[in-house]
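For reference, the structure discussed in these notes is given below.
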Number of protein chains: 2
Amino acid sequence: MVSTSRTRVTLKDIAAHAGVSRSTVSLVMQESELVAGATRKRVQEAAAALGYVYNRGAATLRSSRTATVGVVVHDIANPFFGALMAGIDETLQAADYIPFLASSGDSLDRQARFLARMREHRVDALLLCPAEETPASSIEAIADWGMPCIEVMRHVGQSPLGDYVGADLRTGVINAVRHLVTQGHRRITLLAGIADHSADRERLAGYRYAMHEAGLDGLSSVDRGPLTRCAGRERTLALLRGATAPTALICHNDLVALGALLALSHLGLRAGQDCAVVGVDDIEEAALAEPALSSIATHPRAIGRNAAELAMKRIGHPEGERQRIVLEAPLVIRASSRISSAVAQEST
Amino acid sequence: MVSTSRTRVTLKDIAAHAGVSRSTVSLVMQESELVAGATRKRVQEAAAALGYVYNRGAATLRSSRTATVGVVVHDIANPFFGALMAGIDETLQAADYIPFLASSGDSLDRQARFLARMREHRVDALLLCPAEETPASSIEAIADWGMPCIEVMRHVGQSPLGDYVGADLRTGVINAVRHLVTQGHRRITLLAGIADHSADRERLAGYRYAMHEAGLDGLSSVDRGPLTRCAGRERTLALLRGATAPTALICHNDLVALGALLALSHLGLRAGQDCAVVGVDDIEEAALAEPALSSIATHPRAIGRNAAELAMKRIGHPEGERQRIVLEAPLVIRASSRISSAVAQEST
DNA sequence: GCTCCGTTTTGGATCGATCCAAAAAGTGTC
DNA sequence: GACACTTTTTGGATCGATCCAAAACGGAGC
């Protein structure tokens, strides 16, 4: 039963109704162990009877915990970040936290505005996929504010300054190169992005390491360009028409790789047979592409979960040691990188 | 220059520094026209000098405006909702509002918990894609709380109770049927979802209307099942192996339609030539599928923008007349539904 | 110099919770 | 029944802004 009174119900009203003090009601609302069972029950019933709504704003003013976090991604329309966000949301819901969300569109200005707003709202932590070109000073400033910040997927600077959760793309790419070399490939091109950020550098480092390991330094070739599906198609067409066409492609992400598959089919070539293609992310679409796309699985949902869990931990222990969680990014081999695609078994 | 003092800067500190009263500083923070230009400038400089951070929690306590809204979607990992959210975010950023986000996973319980939290946080408005089976009473309850609520894409009950923004799927499906009939199809099957919600009913209504119009009532056939890509593939295989196989499919969304394309290619059939396929949503992938997929374009980003704009308007005029914004959902015809796919021009 | 009137500025009360030190109630012992 | 000790409960101060009615200011007109 809910009160129909127009004036708002406060702790004071509940206190009067239950015959206790405001302080006691407050303790009940905070689920404190201090208050006796019978009293707790009486207060809860009074709250329900009056249709009480907890006022988090008022609580925040005094206690400075908000049970909210801020999440910044580059583009929530990108399925990768959708999945990441789903993982974050999942963990936060379990912990009774609520996320503010902003898409930065990789714009420093929008990112800065959102961060300022988060500070005004006094979020308990930030989960940040830093926009390109974010200076280290921004991350330091956030730390100065006393606000825990978890960098996700990308980090600024050569190595993460504070907490970080990402995928081991370096090892992933190394495995991809080794796999391709085993299949007899030597001309392996990396289709990278234009921007120079940590996630990009990691792929590159893995690529160079593995090519060197295989004695293929001389054949290393990195193609830089935009990272959309269309761009993937165009870039692949250009590469294959070149004088020294590659026989295998490692693409920055699955969208680019799917574009590459389109290019191959356009040229009447068969992916896997005529030119191997490996993507990154292992989005849902990869397994269902024709032919099925090999991909380095980054498990965005798991990364989101881990990042949110780390945030919860950091809120509890602000001064604890910083953590760097790097999740495995296993290579999922499918038809697009197998010479004998007749053997259609999937390896993980 | 930023103060290094450990204690937080408040309006009182700024007032002292600028030689005015708290009230005046408050007015400056609210960008009020009342305060004289020179004073405003002095206050702003003082605020900057002291490194002031506006405390929205405190402001909310008194004024009950929060500059936040709550957004509920079913599954943020679904690219459709990602795009929707991107549209919402875009509009909100322009208006200096910030969204809380939750994925309900179509669970009434999770939805209810999130809504309760939003009430505690006193968001200024809600953008809600109601979970399946949401009772009308929930929407009414939100209205009772005095919280503006915009239903997005789906609405509870036979027609929207309050503000609503969606796509005109009924007309979209009618156009699809007419298009298919023009191409000579008669056995046109609708691949629908299992749940009975407004967006589903609209598709069905359009389908029945158009089939009747074409004198094909007797051939109407609605297949109900899950809405994933895999399910789309399996359902299509089952249909085509049936005694009276359809020659055209209208799929609940593009994921199902892409599954249908996989099924056709698996059977060695050519989409467009042997069996026409039309999807709904026109996601990015549709245009790049092989063959390119015809689709009813729902423009999620535009819907998101409109919904957020309506929310902003409703916050300003809570008692204004309720609006129902239904955006056009034009049929985009591509190769997957054209008999003569040689003529590869795209119509919008 | 004084009144009138529009523009600026102000102090005190207020929003609704939490914090804290101290009071009250309850338990067990001798 | 007094004592020490633990478990519960309490009132007042407090967080940092906004609201509002009233005061101060400043220029025009007489």
Side-chain angles (χ1 to χ4, degrees), chain A residues 3 5-44 46-47 50-68 117 119-122 124 145-146, chain B residues 3 5-44 46-47 50-68 117 119-122 124 145-146:
Chain A
S3 151
S5 142
R6 268 285 137 252
T7 169
R8 251 203 284 279
V9 179
T10 72
L11 287 196
K12 204 164 77 182
D13 303 318
I14 299 178
H17 195 270
V20 294
S21 73
R22 278 185 353 272
S23 306
T24 304
V25 180
S26 173
L27 289 172
V28 172
M29 292 305 155
Q30 294 171 76
E31 321 215 303
S32 156
E33 292 303 312
L34 283 176
V35 46
T39 315
R40 184 204 319 282
K41 188 149 174 282
R42 203 143 40 88
V43 169
Q44 281 164 343
L50 297 176
Y52 173 69
V53 179
Y54 186 73
N55 185 331
R56 245 162 235 279
T60 297
L61 179 54
R62 196 75 233 282
S63 74
S64 79
R65 274 196 63 257
T66 56
T68 60
R117 201 89 332 142
R119 196 182 176 199
E120 295 175 358
H121 278 287
R122 293 190 142 61
D124 294 336
W145 301 347
Chain B
S3 151
S5 141
R6 268 286 136 252
T7 169
R8 248 201 286 280
V9 180
T10 72
L11 288 196
K12 204 163 77 180
D13 303 319
I14 299 178
H17 196 269
V20 295
S21 73
R22 279 184 353 273
S23 306
T24 304
V25 180
S26 173
L27 289 173
V28 172
M29 293 305 155
Q30 294 170 76
E31 322 216 301
S32 156
E33 293 302 313
L34 284 176
V35 45
T39 316
R40 185 205 317 283
K41 187 147 176 282
R42 202 142 40 88
V43 169
Q44 282 164 342
L50 297 175
Y52 173 68
V53 179
Y54 187 71
N55 184 332
R56 247 162 233 279
T60 297
L61 180 54
R62 195 75 176 82
S63 74
S64 79
R65 274 197 61 258
T66 56
T68 59
R117 202 91 326 144
R119 198 182 175 197
E120 294 175 358
H121 278 286
R122 292 190 143 61
D124 293 335
W145 301 346

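Everything numeric in this text was worked out from a predicted model, so none of it was measured. Letters go in sequence order (proteins before strands), and every chain restarts at 1.
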Quiz item: Where the side chain of T60(B) meets the backbone of R56(B), is there a donor-acceptor pair that is under 3.5 Å apart?
Solution: yes

Could you tell me whether [X] contacts a base, only the sugar-phosphate backbone, or nothing, with contacts defined as non-hydrogen atoms closer than 4.0 Å?
{"X": "S23(B)", "answer": "base"}
{"X": "T39(A)", "answer": "sugar-phosphate"}
{"X": "S63(B)", "answer": "sugar-phosphate"}
{"X": "R56(B)", "answer": "nothing"}

Quiz item: On DNA chain C, nearest-nucleotide positions of E33(B) versus R122(B): which is more 5'?
Solution: E33(B)

Quiz item: More 5' along DNA chain C: S21(B) or S26(A), using each one's nearest nucleotide?
Solution: S21(B)

Quiz item: Among T24(B), V25(B), V28(B), whose side chain to side chain contact (heavy atoms under 4.5 Å, CB included) with I14(B) holds?
Solution: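 Among the candidates, only V25(B) passes.
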
Quiz prompt | Closest non-hydrogen atom pair between R42(B) and G19(B), with its separation | solution = NH1-O, 4.4 Å

Quiz item: Is a donor-acceptor contact shorter than 3.5 angstrom present between the side chain of R22(B) and the base of dG12(C)?
Solution: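 Checked by distance alone, the answer is yes.
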
Exercise. Would you indicate, yes or no, if dT10(D) has its OP1 or OP2 atom less than 4.0 angstrom from a side-chain nitrogen or oxygen of T24(A)?
Key: yes

Self-check item: Nearest to side-chain heavy atoms of Q30(A), which nucleotide of dG11(D), dT18(C), dC15(C)
Solution: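 Closest of the options to the side chain of Q30(A): dT18(C).
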
